[in-house]
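Just below is one structure, and these are the notes that go with it.
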Number of protein chains: 2
Amino acid sequence: METLQLTSSDRTTFLGSRFFVRLPRSTVDAILEDTRLSTYEEHDVLFHQGDSIDDVFFLLSGLIRLYRVGKDGREADVAVFSKGEMFAENAMCLGRATASAEAAEASIVARIDGAKLRQLAAADADVAQAFIEHLCHRGKMTEDLLAQDRLLTAPQRVASYLLGHCPNGTATSFSFRLPFQKSVLAGKLGLAPEALSRAFSTLRQSGVTVKGRMIEIHDRHALERF
Amino acid sequence: METLQLTSSDRTTFLGSRFFVRLPRSTVDAILEDTRLSTYEEHDVLFHQGDSIDDVFFLLSGLIRLYRVGKDGREADVAVFSKGEMFAENAMCLGRATASAEAAEASIVARIDGAKLRQLAAADADVAQAFIEHLCHRGKMTEDLLAQDRLLTAPQRVASYLLGHCPNGTATSFSFRLPFQKSVLAGKLGLAPEALSRAFSTLRQSGVTVKGRMIEIHDRHALERF
DNA sequence: CGTTTGTTTGAAGATGATCAACGTAAGTGG
DNA sequence: CCACTTACGTTGATCATCTTCAAACAAACG
């Protein structure tokens, strides 16, 4: 975890992200002014549940897993973030982190000073608005996860995840590469890795082929029916 | 669902709620200015998942259940609100309701005009700030639910719920009345009513007595260990 | 009182977790 | 480039937990 410089490609990532897109360039610059970069290796922990942190995190590359730990030490993922996503906004408002965060692969993270962001949000309604929209979106994401956990079986959850990666066009078949290890996907879907594996073999009957991280969906509609 | 007048007790509810407490009286008045009241009977539906609504709802009395419906028609609660809580803020930002809402008992609801609230938030940083804090809190709530679903068994979830209602003092025993039907609690905890019932009988061994809606906890620490 | 609604209990079934073993892919270093 | 090693993924078997359906029971309400 060392400090680096902000590259121009990092700037692009910032500007293209959900939070920053709508904001004028000058505002973004103000926010990024004293932003510290940190790099993490796989399994490095960014912070622990309950830590008092006053920063907002922005992922420039890699993969971050947000999780809670049960009394018995078992971990449950609450969210998984990839490049261009902002996280730990809750901590800034509530004072303490509601979950722990660790790198699921080597990652580069920008830490935005919470005090500064609050101050900017108070002064600039656009920033506040962007923040509000971001929080709504995050809320929907966890609500989605919760509903999926409560309504869908393992194969259905996987099918739902896969469909979320299909383009909305007319094409009935589609293929793509998993953006992370299967064990990470399992965690994100609230499944044991074995359960994910079995879910994939169930879906083979519905025209899903898996080779390594490559996924082929031969008939989207068969998945939707599932 | 008819329109009524705002009573002074309603005003108290507003002023005491998490969202409004920090705001100056004049701001609250501005927000409430053209707020419509509606009453609902048990099982009345306020809106459906996907409806485009541009209002924020505030519960003055009763009980509202937010839920999603699966393809097979099964319902999964995403949140349950009681007097003094604000909900459906997501819909205002995202344009469409992310879940359906129905009254779990006779309820009185105030509908705050979304456009007006947005406009106020843009003009008044305090309102924006209150909104942000509210969203953070809601986010934490659903995150809590998700983590509980993934980490705890049924009796543990019930124990956790009960502990949430114990005062933080030194008292080791405590009793209170469930604020709603057991079937509602079951939904909130993501359990079938039968599972909740069985969870309660399991907890009897740990000193929990249930008679109707009355709950007695004889030893808080026994529950914490669970 | 009797009817309706909510809750409990029982028995069966489904689903996913866990543990252990095996297979496979990906590095690593000679 | 090949053998070795390690991490990841799959498969099988078993077990715990929760759901579901059915029936009994209790409470609330007319």
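Quick note: numbers below take in every heavy atom, side chains included, and nothing from hydrogens, waters or symmetry partners. A note on names: the letters A, B, ... follow the listed sequences, proteins ahead of strands, and every chain is numbered from 1. What you are looking at is a predicted structure, and each value in this text was computed from that prediction instead of being measured.
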Could I get the full list of side chain to side chain donor-acceptor pair (under 3.5 Å) partners for B/R138, not counting sequence neighbours? B/E89
Can you figure out which of D/dT10, C/dT7, D/dT20 approaches the side chain of B/S183 most closely? C/dT7
Listing request: all salt bridge (Lys or Arg N to Asp or Glu O under 4.0 Å) pairs with a residue in residues 151-163 of chain B, at least two apart in sequence or in separate chains. B/D149-B/R157
Rounded to whole angstroms, how far apart are CG on A/L185 and C1' on D/dG9? 13 Å
Establish, yes or no, whether a centroid distance under 6.0 Å links the rings of A/F81 and A/F57. no
Just checking, is any N or O donor in the side chain of B/E41 or B/H43 under 3.5 Å from an acceptor N or O on the other one? no
Between CD of A/Q181 and P of D/dT10 the distance, given in whole Å, is 12 Å
Below 30° counts as parallel, above 60° as perpendicular, anything between as tilted: where do the rings of A/F19 and A/H134 land? perpendicular
Among C/dT7, D/dT17, C/dG16, the nucleotide that comes nearest once only the side chain of A/T153 is considered: C/dG16
Verdict with supporting geometry, B/R65 and B/D77, salt bridge (Lys or Arg N to Asp or Glu O under 4.0 Å): CA-CA 7 Å; B/R65 211 167 62 84; B/D77 287 19; 2.3 Å; yes
Under 3.5 Å donor-acceptor, A/S107 side chain and A/L63 backbone: yes
Could you tell me whether a side-chain N or O of B/R150 sits under 3.5 Å from a main-chain N or O of A/V78, the two making a donor and an acceptor? no
CD of A/E75 versus P of C/dT18: gap in Å, rounded? 12 Å
So, with a heavy-atom separation below 4.0 Å from DNA chain D, the residues of residues 154-165 of chain A are none
Atom CG of B/L152 and atom C1' of D/dT17 are separated, to the nearest Å, by 14 Å
Rounded (10°) bend between the five-pair end axes of the helix from C/dC1-D/dG30 to C/dA21-D/dT10: 30°
What residues 193-201 of chain B contributes to the DNA chain D interface at heavy-atom separation below 4.0 Å is B/E194, B/A195, B/R198
Is the shortest distance from a Lys or Arg side-chain nitrogen in B/R198 or B/E194 to a carboxylate oxygen in the other one below 4.0 Å? no
Once you round it to whole Å, what is the distance between P of D/dT17 and CG of A/L191? 19 Å
Could you state the CG-P distance from A/D149 to C/dT15, rounded to the nearest angstrom? 16 Å
At 4.0 Å (heavy atoms only), tell me whether B/R74 reaches a base, stays on the sugar-phosphate, or touches nothing. sugar-phosphate
Is any side-chain N or O of B/K182 closer than 4.0 Å to OP1 or OP2 of C/dT8? yes
Should the ring pair A/F180 and A/Y161 be called parallel, tilted or perpendicular, given that the plane angle runs from 0 to 90° and is split at 30 and 60? tilted
Just how far, in rounded Å, is P of D/dA7 from CD of A/E42? 11 Å
With sequence neighbours left out, the residues meeting side chain to side chain contact (heavy atoms under 4.5 Å, CB included) with A/S173 are none
B/E85 (side chain) donor-acceptor with B/S82 (main chain) under 3.5 angstrom: yes
More 5' along DNA chain C: B/R204 or A/G190, using each one's nearest nucleotide? B/R204
Length of the CG-C1' vector between A/L178 and C/dA25, whole Å: 16 Å
